[in-house]
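Below, chain A is the first sequence line, B the second, and so on; all start at residue 1. Because the structure is predicted, anything quoted here is derived from the model rather than measured.
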Protein chains: 2
Amino acid sequence: MATIFDVARMSKVSIGTVSNVLNNPEKVKTETRQRVLEVIKALNFHPNLSARNLSRLRTDTIALIFPFSKRNRMEPYYTYLLAGITEICFQMNFKLLLSSCTTNINEKEELSIYAEYVESQAVDGLIVTTPKSCDERIKFLVETKQNFVVLGRSNISLDFPWVDIDGSYGMSEAVRYLSTLGHKRIGYIGTPNIFMFSRHRLEGYERGLNNCNIEFDPELVVEVSINEDEVEAGEKGILQLLRLNLPPKAVIVSGNQLALGVIKGINKFGYAVGKDISLICFDDAEWNVHFNPPITSIRQPIYETGKMLSKILIQQIKGVKIKDSHILLKPELIIRESCKKYG
Amino acid sequence: MATIFDVARMSKVSIGTVSNVLNNPEKVKTETRQRVLEVIKALNFHPNLSARNLSRLRTDTIALIFPFSKRNRMEPYYTYLLAGITEICFQMNFKLLLSSCTTNINEKEELSIYAEYVESQAVDGLIVTTPKSCDERIKFLVETKQNFVVLGRSNISLDFPWVDIDGSYGMSEAVRYLSTLGHKRIGYIGTPNIFMFSRHRLEGYERGLNNCNIEFDPELVVEVSINEDEVEAGEKGILQLLRLNLPPKAVIVSGNQLALGVIKGINKFGYAVGKDISLICFDDAEWNVHFNPPITSIRQPIYETGKMLSKILIQQIKGVKIKDSHILLKPELIIRESCKKYG
DNA sequence: CCCTTTAATTGAAGCGCTTCAATTAAAAAT
DNA sequence: ATTTTTAATTGAAGCGCTTCAATTAAAGGG
């Protein structure tokens with residue numbers, strides 16, 4: 001493969017000049033540039049990336065570490081996220097390094113994946129997803145002054161850039177809508193409290209109730225345990241609610257997979273969604289619209305989130321001043337046919 | 001950040017020795033090794049990856065270029081594939097570079113993404129997905145003697161490693177099953193002929209008919225056009241079939257998205273799936289089991305495919321002899337409740 | 001105890017680029 | 001025509017690692 005040295009020799013200039021036609025074309029005389037460019041084409045020369053990276057001490061690469069539990073292997077969520085991230089990377093000429101770790105990996109090991117990338121200078125920045133309470137990864141990245149951006153907020157008192165979807169808002173809207181339909185007892189099936197997004201959503205549920213002057217009843221809230229199959233968990237969750245003395249006639253479910261289980265459970269119980277029980281699903285998986293009845297959902301702007309994440313991170317890496325690196329996007333309640341008037 | 005030079009100085013050995021404790025530990029005396037290791041830990045030294053890559057002239061990185069049309073942004077398929085690929089990468093200590101290109105990008109541009117990776121030596125190998133008829137990418141990669149593996153087969157007479165799911169077998173099984181139920185007129189809604197997988201599946205459909213002594217009727221086959229919204233396409237497709245003089249009472253649909261549209265179309269037409277019309281979906285999206293009725297599907301071992309792809313590619317890169325680099329995995333017919341006896 | 005093997009370590013030469021001070025060429029000013 | 005200014009080019013010094021021939025240290029053999 002041709003090197004910059006070959007190009008220099010053939011076009012009878014120094015390698016410095018060749019480098020300049022590639023990186024600072026305005027610095028070299030037009031005719032020289034032309035000549036070099038021709039040789040480059042003739043030799044099909046492409047600068048070696050490792051060499052360039054070493055020399056510049058940067059890689060124009062960011063990393064995303066995917067939490068691949070069995071659970072989110074299935075989440076269409078991530079496909080949209082990736083689409084957004086890779087699109088911006090492509091536009092801004094950055095590369096994306098993707099690696100996975102299973103969520104049942106212990107925290108230390110997970111952190112070491114991040115550390116490895118950072119310390120071997122394999123990437124210029126990182127995207128962190130699904131922060132937990134007191135997230136070790138965030139602490140580490142702040143302490144070591146890395147470039148990174150988080151999908152989601154944290155409860156640690158450190159400042160860092162993030163993009164998040166306002167789960168609290170989404171949930172309160174869901175409650176408001178159900179309240180509009182006359183519901184007073186609204187069930188809630190949520191994800192593990194360890195994740196920040198779970199907390200925000202639950203908080204939104206409570207705030208929503210409060211806004212509608214509905215008293216919070218802890219008996220109506222079920223929290224699914226981590227490591228459980230989500231579909232099964234949803235099924236168990238809804239049955240628990242339906243077996244209450246005073247079962248709710250409406251339920252909000254915090255996640256697509258859970259909702260699948262919930263629907264299954266409702267049917268098994270002999271009830272019909274949108275008839276005997278109203279259902280809202282947080283996150284609008286594409287199949288929701290195709291169910292019978294179509295499921296009222298809270299749609300998250302995931303693709304946009306992916307774009308924002310990579311945009312902020314890349315700007316940060318490039319040292320561009322960022323006006324706002326705390327971005328809270330609003331989800332949207334998509335009303336379909338899975339909720340009906342109370343009574 | 002500490003460099004190998006710092007480590008050498010602090011542990012009073014040459015940088016060569018430090019390099020050896022990292023890469024050929026058996027070559028250095030135990031006590032020296034211990035001492036160096038301690039310094040490495042103390043300094044939190046991690047070899048700079050760019051330097052290592054440059055020196056070794058390899059990157060231990062493979063690339064996957066994702067075809068992100070609006071279409072497969074939604075395909076859960078790819079999430080599973082990625083899970084498999086990243087898992088093996090993790091195990092074998094390889095990195096994965098992910099980039100996307102929209103399918104409406106023209107072929108030349110798409111090829112240039114591949115060329116860029118290859119020629120700048122950014123990666124040691126590539127995974128190519130969804131080959132088309134006379135796929136330019138494959139030709140290029142063979143000609144330039146690159147390490148690569150294809151998800152799918154090709155119709156060009158070049159030898160290259162691939163992993164594929166036997167779409168032909170899957171389709172013929174679907175036909176056989178429907179024939180068992182007494183169906184003679186079986187509709188087929190397929191994806192664009194330009195993709196190899198479409199051809200294999202259609203071929204399997206025809207072969208299946210042949211095996212069952214059913215005559216092939218071109219009127220029962222609709223091919224969706226590329227660039228079309230798949231759900232809509234499915235809907236149009238099924239309506240076209242239902243409006244035939246002698247409409248089929250069973251239909252096989254080649255893809256999840258198409259199937260969503262088909263179900264929609266069937267309902268709009270006033271028919272019920274699994275009652276007025278039998279339906280088989282090729283590819284078993286997770287929601288299929290949750291539909292009412294649950295959809296009989298042909299399940300593809302996608303996760304395994306991802307694992308095989310990366311395993312073969314990495315072995316190839318490492319120069320390991322591969323027993324078999326043409327792997328055809330069998331899909332499986334999952335019988336649920338969307339098909340009923342003819343009549 | 002000296003000589004031969006073998007083990008351990010060193011030093012320097014790459015790997016292919018970028019960067020920048022220093023040099024040379026060309027243009028503008030006097 | 002000479003000096004000053006500006007533009008273009010060069011050369012060499014990194015960037016941080018690996019590799020390997022050459023050297024030195026340790027071990028084994030008689």
### Query
A/Ser50 near the nucleic acid: base, sugar-phosphate alone, or nothing, with a heavy-atom cut-off under 4.0 Å?
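Since no nucleic acid heavy atom lies under 4.0 Å of A/Ser50, the category is nothing.
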### Message
Measuring to OP1 and OP2 of D/dC17, would you say a side-chain N or O of B/Asn48 lies under 4.0 angstrom away?
### Response
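False: B/Asn48 side-chain N/O out of range (4.0 Å or more) of D/dC17 OP1/OP2.
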### Task
Kindly say if B/Ser14 contacts the phosphate of C/dT10, meaning a side-chain N or O under 4.0 Å from OP1 or OP2.
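Answer is yes, contact under 4.0 Å.
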### Query
Rounded to the nearest 0.5 Å, how far does OH of A/Tyr117 lie from CG of B/Leu49?
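So the gap between those two atoms works out to 9.5 Å.
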### Task
Kindly compute the distance separating CD1 (B/Ile194) from OG1 (B/Thr130), expressed to the nearest 0.5 Å.
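B/Ile194 CD1 to B/Thr130 OG1: 12.0 Å, rounded to 0.5 Å.
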### Task
Identify, between A/Lys29 and A/Val18, the residue whose nearest nucleotide on DNA chain C lies closer to the 5' end.
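The residue closer to the strand's 5' end, by nearest nucleotide, is A/Val18.
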#### Entry: Residue met sooner reading DNA chain C from 5', once B/Gln121 and B/Thr32 are mapped to nucleotides
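In this pair, the answer is B/Thr32.
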### Message
Is it the case that the base of D/dG14 and the side chain of A/Ser55 share a donor-acceptor contact (distance under 3.5 Å, atom types as modelled)?
### Response
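Such a pair is found, so the answer is yes.
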Name the closest nucleotide to the [X] side chain, picking from [options].
X: B/Leu54; options: C/dT18, D/dT9, D/dG16; result: D/dG16
X: B/Ile4; options: D/dT10, C/dC15, D/dC17; result: D/dC17
X: B/Ala51; options: C/dC15, C/dC17, D/dC17; result: D/dC17
X: A/Thr3; options: C/dC17, D/dT18, D/dG16; result: C/dC17

### Message
Suppose we screen for side-chain hydrogen bond (donor to acceptor under 3.5 Å, both in side chains). Which residues come up paired with B/Gln146, at least two apart in sequence or across chains?
### Response
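Expected list: none.
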